[in-house]
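Fair warning: this is a prediction, and the values are worked out from it, not measured in the lab.
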Amino acid sequence: ERFPMEAVFGLHNWPGLPLGEIAVHRGPVMACADRFDIEIKGHGAHAAMPHQGIDPVLAGAALVQALQSVVSRNRDPQDAAVLSVTQFHAGDAYNVIPDVVRIGVMADMAGPYAGNGGPGQVLAARMAVEDFGGKVNGKSVEILVVDDQNKPDVGLNAARRWLDVDKVDAIVGGSASSIALGVQTLMKEKQKPYLVAGTVTDQLTGKSCSPMTLQFLVDSYALPKAGVRTLLNQGIKTFYFVTVDYAFGAAFQAAATKFIEEGGGKVLGSVKHPLGATDYSSYLLQAQSSGAKAIVILNAGLDLSNALKQAAEFKIADGGQAVSVFGMTINGVAAMGQDVAKGLTFTDPWYWDRTDESRAWAQRFMARHNNVPPTYIMAGTYSAVAHYLKSVQAAGTDAGPAVMAKMKATPINDMTAKNVTIREDGQAMRPVYAVRVKAPGQMKGKADHYEVLAELPAEQVFRPLAEGGCDFVKK
């Protein structure tokens, strides 16, 4: 009724017709097309010892044969249907049953910390694989992803499945401290590398250390040490903490208290808030009434953005109290607004606009990330995956202990830093940078958030090796 017509013609090329001719057929002809991909995951072995592996080529060949019965045994004979397998990709070596290197990326993908890492970490990991060519030692490289939801049971169950079922070779983690400490134990048991890029508890390289863990970024010792030093140098002597109530916040507060007292300062009090809180008024008013010269907010992600926004609304700084943080990611500045964040000073292990090389990488990243600049956690994930793949290649194997030994023996050289050594306890000894958030009028572009004030050498920021309590470090 809407489009009255007497006939409908569908056009399709027909290579079998002579040049210059057309043909007409009444009723249906040809077919709609669809496509599918089937991935078969095996376990590699030498072709002379196939019993030591799980051969995906054999399974694939059987599957292709079985697919031919789909039409003949599952469709009415009068129906027009065809199913064809047109591509079959396996290994590229004559004497090796094909294998794959699998890297799991675990983080909060949709919760309060998703903007810090999350999907951006996944993109950074994929970029590292792509830049490496997608293969290492003839094996394809796969990235697996899980949302740990900031829940230890979810994260640990996912890690167990990765290790026992999917046979991952390494995990890159930016999870909450409670998850990371559990995953670290699993990785130690399975002798697989755990590459930390985002989790900050200093226990990972301290009393809970593991020879299979590397900390690629900063921790809950380095960030508060630099932050406290900055405030003490400004003449501030009294402090009050607003702290997120889980392991990350507790570690930050304990370390900061130690550095404050060692520097002659005093902590007047603290208050804890739950992860994911939205109303910070009561916590901020308690901090304000303490009379402390610095109110330090110890949380991250959306928690930090919301707390700083409300501190600005209460005009706490106008009363002579400094509102400070000991670390934040660049997405937090964008979320709270440059007007709210302007003037904040803290330390950051990487800033996208610091060097030509970091700018070039960040531009490639932003082109695939809605023009949102990468956080240091995302850059650290790229660094971790790239360094892992280089080490697998150099070791000639993806066996965990051999790769870990090669990673520790090889300096990190990429767009995040140059000639960074990895200490015996697993800490990457990279410099960190004191930055200050620019006022809106100082920005040269939408993502031009920071002014880099100084570079702090790793030796001045990270905990001395002898003080960490790591049990496998040579005394």
Mind checking the CG-CD spacing from Leu232 to Gln234? Nearest 0.5 Å is all I need. 9.5 Å
Measuring from Asp398:CG to Lys139:NZ, what's the distance to the nearest 0.5 Å? 3.5 Å
Applying side chain to side chain contact (heavy atoms under 4.5 Å, CB included) to Lys342 and Asp339, what does each step give before you reach the verdict? CA-CA 6 Å; Lys342 65 182 179 183; Asp339 273 329; 4.1 Å; yes
Which atom pair, heavy atoms only, marks the closest approach of Val183 to Leu156? N-CD2, 3.4 Å
Chi angles and distances behind the side chain to side chain contact (heavy atoms under 4.5 Å, CB included) call for Val145, Arg126: CA-CA 11 Å; Val145 180; Arg126 295 193 193 283; 3.9 Å; yes
With distance as the sole test, does Asn137 use its side chain to make a donor-acceptor pair with the main-chain N or O of Val392 at under 3.5 Å? yes
If we only count heavy atoms from C-beta on, is the Phe241 to Ile295 side-chain gap below 4.5 Å? no
Please state whether the rings of Tyr283 and His273 are parallel, tilted or perpendicular, taking 30° and 60° as the class boundaries. tilted
Assess the residue pair Val435 and Phe346 against the criterion (side chain to side chain contact (heavy atoms under 4.5 Å, CB included)); give the C-alpha distance rounded to whole Å, side-chain angles, the decisive distance to 0.1 Å, and a yes or no. CA-CA 6 Å; Val435 300; Phe346 50 91; 3.6 Å; yes
For the residue pair Leu344 and Val323, what are the closest heavy atoms and their distance? CD2-O, 3.5 Å
Report the distance from atom CG of Leu214 to atom CG of Leu204, rounding to the nearest 0.5 Å. 11.0 Å
Between Thr278 and Gln310, the two heavy atoms sitting closest are O-NE2, 2.7 Å
Should Ser281 and Phe314 count as side-chain neighbours, where that means a heavy-atom distance under 4.5 Å? yes
Could you tell me which non-hydrogen atom of Ala247 sits nearest to which non-hydrogen atom of Ser177, and how far apart they are? CB-CB, 3.8 Å
Would you say that more than 12 heavy atoms from the other residues, nucleotides or ligands in this model lie under 6.0 Å from the CZ of Arg364, or not? yes
Any side-chain heavy-atom pair of Met127 and Val122 under 4.5 Å: no
Once you round to the nearest 0.5 Å, how far does CG of Asn299 lie from CG of Leu275? 9.0 Å
Is the backbone of Thr410 close enough, under 3.5 Å, to the side chain of His387 for a donor and an acceptor to pair up by distance? yes
Do Gln393 side-chain atoms and Lys390 backbone N/O form a donor-acceptor pair below 3.5 Å? no
To the nearest 0.5 Å, how far apart are CZ in Phe252 and CD1 in Ile297? 13.0 Å
On a heavy-atom basis, the closest approach of Gln149 and Val154 is NE2-CG1, 4.0 Å
Return yes if some donor-acceptor pair links the side-chain N/O of Asp108 with the main-chain N/O of Ala110 below 3.5 Å, else return no. yes
Heavy-atom donor-acceptor pair, Lys438 side chain to Asp448 backbone, under 3.5 Å: no
Is the shortest distance from a Lys or Arg side-chain nitrogen in Asp471 or Lys207 to a carboxylate oxygen in the other one below 4.0 Å? no
Are side-chain N/O atoms of Ser210 and Gln184 paired as donor and acceptor at under 3.5 Å? no
For Tyr450, which of Tyr376, Trp350, Tyr351, Tyr433 qualifies under ring-ring contact (aromatic ring centres under 6.0 Å, His included)? Tyr351
Could you check whether any side-chain heavy atom of Tyr382 comes within less than 4.5 Å of a side-chain heavy atom of Thr416, counting everything from C-beta outward? no
Determine whether a donor-acceptor pair (N or O, by modelled atom type, separation under 3.5 Å) exists between the side chain of Ser220 and the backbone of Asp202. yes
Min side-chain heavy-atom separation Ile412-Asp414 under 4.5 Å: yes
Using a distance-only test with no angle check, is there a side-chain donor-acceptor pair under 3.5 angstrom linking Thr375 and Asn116? no
Heavy-atom check, side chain of Leu144 versus side chain of Met106, under 4.5 Å: no
Is a side-chain N or O of Ser391 found less than 3.5 angstrom from the main chain of Val403, in a donor-acceptor match? no
4.5 Å side-chain heavy-atom contact, Phe462 and Thr205: no
Do Arg430 side-chain atoms and Phe216 backbone N/O form a donor-acceptor pair below 3.5 Å? yes
Intermediate values then yes/no, side chain to side chain contact (heavy atoms under 4.5 Å, CB included), Ile171 and Ile103: CA-CA 6 Å; Ile171 293 179; Ile103 303 170; over 6 Å; no
List the steps and the verdict of salt bridge (Lys or Arg N to Asp or Glu O under 4.0 Å) for Arg368 and Glu130. CA-CA 13 Å; Arg368 299 168 61 175; Glu130 292 166 8; 2.8 Å; yes
Let me see the working for Gln253 and Thr243 under side chain to side chain donor-acceptor pair (under 3.5 Å), right down to the final yes or no. CA-CA 7 Å; Gln253 183 172 321; Thr243 306; 2.7 Å; yes
If you count the non-hydrogen atoms of other residues, nucleotides and ligands that lie under 6.0 Å from NZ in Lys272, is the total more than 12? no
Using a 6.0 Å cut-off, check whether atom NZ of Lys418 has over 12 heavy atoms from anything other than its own residue. yes
Tightest non-hydrogen contact, residues Ala124 and Trp361, listed as CB-CZ2, 4.3 Å
Heavy-atom count around Lys151 NZ within 6.0 Å, excluding the residue itself: above 12? no
Under 6.0 Å from the NZ atom of Lys258, do we count more than 12 heavy atoms belonging to anything else shown? yes
Are Glu142 and Arg102 ion-paired here, with the side-chain N under 4.0 Å from a carboxylate O? yes
Please check if the side chain of Gln427 supplies one atom and the backbone of Leu217 the other of a donor-acceptor pair under 3.5 Å. yes
Val228 pairs by side chain to side chain contact (heavy atoms under 4.5 Å, CB included) with which of Ile260, Val296, Ile236? Ile260
Within-4.5 Å side-chain heavy-atom neighbours: Ile330 and Trp352: yes
Check whether the side chains of Asp303 and Tyr280 place a donor and an acceptor atom closer than 3.5 Å, and report yes or no. yes
Does a donor on one side chain and an acceptor on the other come within less than 3.5 Å for Asn150 and Tyr246? no
Distance col, row Arg359:CZ vs Met415:CE, nearest 0.5 angstrom, shows 13.5 Å
Counting only N and O atoms by type, is there a donor-acceptor contact under 3.5 Å from the side chain of Asp219 to the main-chain atoms of Tyr221? yes
For Asp148 and Ser175, does a side-chain donor sit closer than 3.5 Å to a side-chain acceptor? yes
